[in-house]
Amino acid sequence: PAMPATFDSFGLKFLYPDNWSLLDRSESEGDQGVTLELPSGGFFSIEKDRDGQSIEQIVEAIASSFENDYDDVEREELAVDSQQQIERGVEFHFYYLDLLIISRLLILNREGIRYVVQMQAESRDFDSNELVFEAIVKQLLA
């Protein structure tokens, strides 16, 4: 079985599958985030919110970028447990090359610092990785 790899930077530490790869970040992205690519092509990303935008602004910015790139973007609010430090959850569904893509966005608040977490993959890959996504989120909130 795959041994987990450890991410430890900008105040976050969590385990993730070692067959996921850490993507290089451009200078403009800064060092306050990380994107992990799944072998199947999906990704899991975490960004520390540096702009101090409202939750609504963050969600709308992401929604509009999807709507610019894809037709018929569906959006569903997720029930969140504020006790769990999850301030907002939204799931986007859209088609890309005949594949249904699921992109789940969570806005986390950890010790007063806001993080934008995004998990995205083709629907079958999303389903098969959902427990791993949830395990990482749990570690982020621990």
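Nothing fancy with the numbering, it's 1 onward along the sequence.
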Self-check item: Between Gln85 and Asn109: side-chain donor-acceptor atoms closer than 3.5 Å
Solution: no

Practice problem: Check the hydrophobic clustering (I, L, V, M, F, W, Y; side-chain heavy atoms under 4.5 Å; chains of links allowed) and say if Leu141 and Phe7 are grouped together. | Solution: yes

Exercise. Taking all heavy atoms of Glu77 and all of Gly89, pick out the closest pair and write down the distance.
Key: OE1-O, 3.5 Å

Exercise. Tell me whether Leu38 is reachable from Leu100 by hopping between hydrophobic residues (I, L, V, M, F, W, Y) whose side-chain heavy atoms are closer than 4.5 Å.
Key: no

Quiz item: Does a side-chain heavy-atom distance below 4.5 Å link Ile136 with Trp20?
Solution: yes

Practice problem: Count the heavy atoms belonging to other residues, nucleotides or ligands that lie under 6.0 Å from CG of Asp72, then report whether that count exceeds 12. | Solution: no

Self-check item: Linked hydrophobic residues, Leu99 as query - side chain contacts closer than 4.5 Å
Solution: Ile55, Ile58, Val59, Ile62, Phe66, Tyr70, Val73, Val90, Phe92, Phe94, Tyr96, Leu97, Ile101, Leu105, Ile107, Val116

Quiz item: Does the side chain of Val137 come within less than 4.5 Å of Phe14's, by heavy atoms?
Solution: no

Quiz prompt | Approximate separation, where rounding is to 0.5 Å, of Leu106 CG and Tyr115 OH | solution = 14.5 Å

Quiz item: So, Glu87 and Arg114, do they make that salt bridge, N to O below 4.0 Å?
Solution: yes

Quiz item: Taking atom CG of Asp127 and atom CZ of Phe133, what is their separation to the nearest 0.5 Å?
Solution: 10.0 Å

Quiz item: side chain to side chain donor-acceptor pair (under 3.5 Å): which pairs involve residues 33-48, sequence neighbours left out?
Solution: Arg25-Glu47, Gln32-Lys48, Ser40-Asp125

Quiz item: Can you check salt bridge (charged side-chain N to carboxylate O under 4.0 Å, His left out) on Arg124 and Glu130, steps first, answer last?
Solution: CA-CA 10 Å; Arg124 283 169 303 204; Glu130 190 163 16; over 6 Å; no

Quiz item: Listed by chain and number, what are the salt bridge (Lys or Arg N to Asp or Glu O under 4.0 Å) partners of Glu111, not counting sequence neighbours?
Solution: none

Self-check item: Under 3.5 Å: donor-acceptor pair, side chain of Gln118, backbone of Arg104
Solution: no

Quiz item: When rounded to the nearest 0.5 angstrom, what distance separates OH in Tyr95 from CG in Asp71?
Solution: 13.0 Å

Practice problem: Mark yes or no for whether Gln57, through its side chain, and Ser54, through its backbone, hold a donor-acceptor pair below 3.5 Å. | Solution: yes

Self-check item: Min side-chain heavy-atom separation Pro17-Val132 under 4.5 Å
Solution: yes

Quiz item: If every non-hydrogen atom of Gly11 is compared with every non-hydrogen atom of Arg110, which pair is closest and at what distance?
Solution: O-NH2, 3.9 Å

Self-check item: Check against side chain to side chain contact (heavy atoms under 4.5 Å, CB included), Val117 and Phe44
Solution: CA-CA 7 Å; Val117 178; Phe44 184 99; 3.6 Å; yes

Quiz item: Are Glu91 and Ile102 close enough that some pair of their side-chain heavy atoms sits under 4.5 Å apart?
Solution: yes

Quiz item: In Å, rounded to the nearest 0.5 Å, how long is the span from CZ of Arg88 to CG of Leu108?
Solution: 13.5 Å

Exercise. Count the heavy atoms belonging to other residues, nucleotides or ligands that lie under 6.0 Å from CG of Asp69, then report whether that count exceeds 12.
Key: yes

Quiz item: Do Leu12 and Ile46 have side chains that get closer than 4.5 Å, going by heavy atoms?
Solution: yes

Quiz item: Atom CD of Gln139 and atom OG1 of Thr6: how far apart are they, to the nearest 0.5 Å?
Solution: 8.5 Å

Practice problem: To the nearest 0.5 Å, tell me how far Met119 CE sits from Phe43 CZ. | Solution: 10.0 Å

